[in-house]
Amino acid sequence: MIRTVESASHVSAPVLAAYRYCETVTGQQARNFAYGIRLLPTPKRRAMSALYAFSRRVDDIGDGDLADDVKVARLQETRALLARIREGGIEEDDTDPVAVALTHAADAFPIPLDGLDELIDGVEMDTRGETYETWDDLKVYCRCVAGAIGRLSLGVFGTEPGARGAERAAEYADTLGLALQLTNILRDVREDAQGGRTYLPADDLAKFGCAAGFERPTPPEGSDFAGLVHFEVRRARALFAEGYQLLPMLDRRSGACVAAMAGIYRRLLDRIARDPEAVLRGRVSLPGHEKAYVAVRGLSGLDTRQVTRHGAGRSVGRRV
């Protein structure tokens with residue numbers, strides 16, 4: 001069983017300032033993520049914002065305009081900083097607020113910080129311009145950049161004492177991360193293509209006549225683009241259904257947070273399925289009122305009850 005260790009109620013002024021910085025970064029850069037963690041109690045919300053701020057730093061290195069050799073050097077520096085955090089080498093008065101906040105969070109909760117090393121591994125794959133022949137190949141990348149985040153988050157959430165099947169909680173958190181990442185890949189397929197990146201497996205692209213890529217706002221000539229999107233949507237829905245088995249293992253507010261974040265992406269997936277070519281015309285997103293509905297649904301425990309009642313495979317086609 002994974003236990004959650006709540007921090008003491010008192011947080012020093014330097015640490016509190018570091019957390020506020022991380023929460024600002026999270027609110028500005030990750031609206032969906034920030035929306036979900038608002039449902040958490042303060043210590044968990046702060047810890048999640050620290051995880052996000054560090055992860056954002058890694059992602060920004062990979063997504064920036066620096067030369068690849070400079071990116072590699074910056075990632076190595078970030079890995080060295082992570083080692084200092086892991087070893088307790090960051091003082092409260094350190095000038096790096098993300099390092100201060102993450103050090104405090106890792107002391108308060110059993111966060112498996114090695115997952116951030118995996119994230120760096122995944123971003124290094126991006127800097128090498130790796131492409132993926134099969135879904136099994138892409139899963140390796142997705143587990144680094146998203147599955148690891150699921151496992152890190154579970155360190156903050158913890159599992160309920162006596163939760164049935166809790167020994168598989170990390171597996172389900174990892175799978176939910178894969179579902180979110182595959183949804184991201186579908187949503188950003190044109191943006192990534194314009195940046196010179198292709199994530200969808202080459203054998204899937206070839207199967208549906210889409211090997212020419214997605215740099216234009218219309219599907220490749222003669223392709224079955226809708227067929228490709230629906231194929232990947234089915235894969236993502238199956239991952240969501242398996243990952244949702246995590247929900248009954250969490251306390252109410254942690255479960256609501258996970259249900260809100262995952263629910264937003266499930267609804268994005270539904271929108272993409274209804275109009276596949278929308279992802280070529282621009283970024284698909286949800287209006288605020290839909291996000292609010294998903295949050296209320298999560299807080300109500302409806303998603304958790306559905307998983308408990310019906311199990312994994314029965315909920316694949318349900319809207320969440």
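All heavy atoms count here, side chains included; hydrogens, waters and symmetry mates do not.
Using a 4.5 Å cut-off between side-chain heavy atoms of Ile, Leu, Val, Met, Phe, Trp and Tyr, with links allowed through other members, I120 and V70 fall into different hydrophobic clusters.
The number of heavy atoms from other shown groups lying within 6.0 Å of CZ (R74) does not exceed 12. No more than 12 heavy atoms of other residues, nucleotides or ligands shown are found within 6.0 angstrom of CZ on R216.
Cation-pi geometry between K44 and F109 is not met at under 6.0 angstrom from the ring centre and within 45 degrees of the axis. Taking the centre and axis of the six-membered ring of F240, the NZ or CZ atom of R266 falls inside the cone set by 45° and 6.0 Å.
Minimum interatomic distance between D121 and C144 (heavy atoms only, all atoms of both residues): CB-SG, 4.3 Å. The two atoms that bring Q245 and M249 nearest to each other are O-CE, 3.6 Å, heavy atoms only.
Under the 4.0 Å criterion applied to side-chain N and carboxylate O atoms, D136 and K139 are assigned as salt-bridge partners. Between D174 and R168 there is no salt bridge, since no side-chain nitrogen of the basic residue lies less than 4.0 Å from a carboxylate oxygen of the acidic one. Salt bridge absent: R237 and E232 never bring a charged side-chain N and a carboxylate O closer than 4.0 Å. R190 has no carboxylate O lying under 4.0 Å from a charged side-chain N of E215, or vice versa, which leaves the two without a salt bridge. The existence of a salt bridge linking D192 and R187 is excluded, since no basic side-chain nitrogen approaches an acidic carboxylate oxygen closer than 4.0 Å.
Counting heavy atoms from C-beta on, the side chains of R20 and V25 never come closer than 4.5 Å. With contacts defined as side-chain heavy-atom distances shorter than 4.5 Å, the pair E277/P219 qualifies.
K71 meets the salt bridge (charged side-chain N to carboxylate O under 4.0 Å, His left out) test with no other residue; sequence neighbours excluded.
For the pair S153 (side chain) and I149 (backbone), a donor-acceptor distance under 3.5 Å is present.
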Original post:
Could you go step by step and tell me if E130 and R197 meet the salt bridge (Lys or Arg N to Asp or Glu O under 4.0 Å) rule?
Top reply: CA-CA 8 Å; E130 291 198 17; R197 294 179 181 173; over 6 Å; no
Original post:
Passes salt bridge (Lys or Arg N to Asp or Glu O under 4.0 Å), R128 versus D68? Steps please.
Top reply: CA-CA 8 Å; R128 295 194 296 268; D68 287 344; over 6 Å; no
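Ring orientation note: the planes of Y141 and Y132 are tilted relative to one another, at an angle of 30° to 60°.
The distance between the ring centers of F225 and F208 does not fall below 6.0 angstrom.
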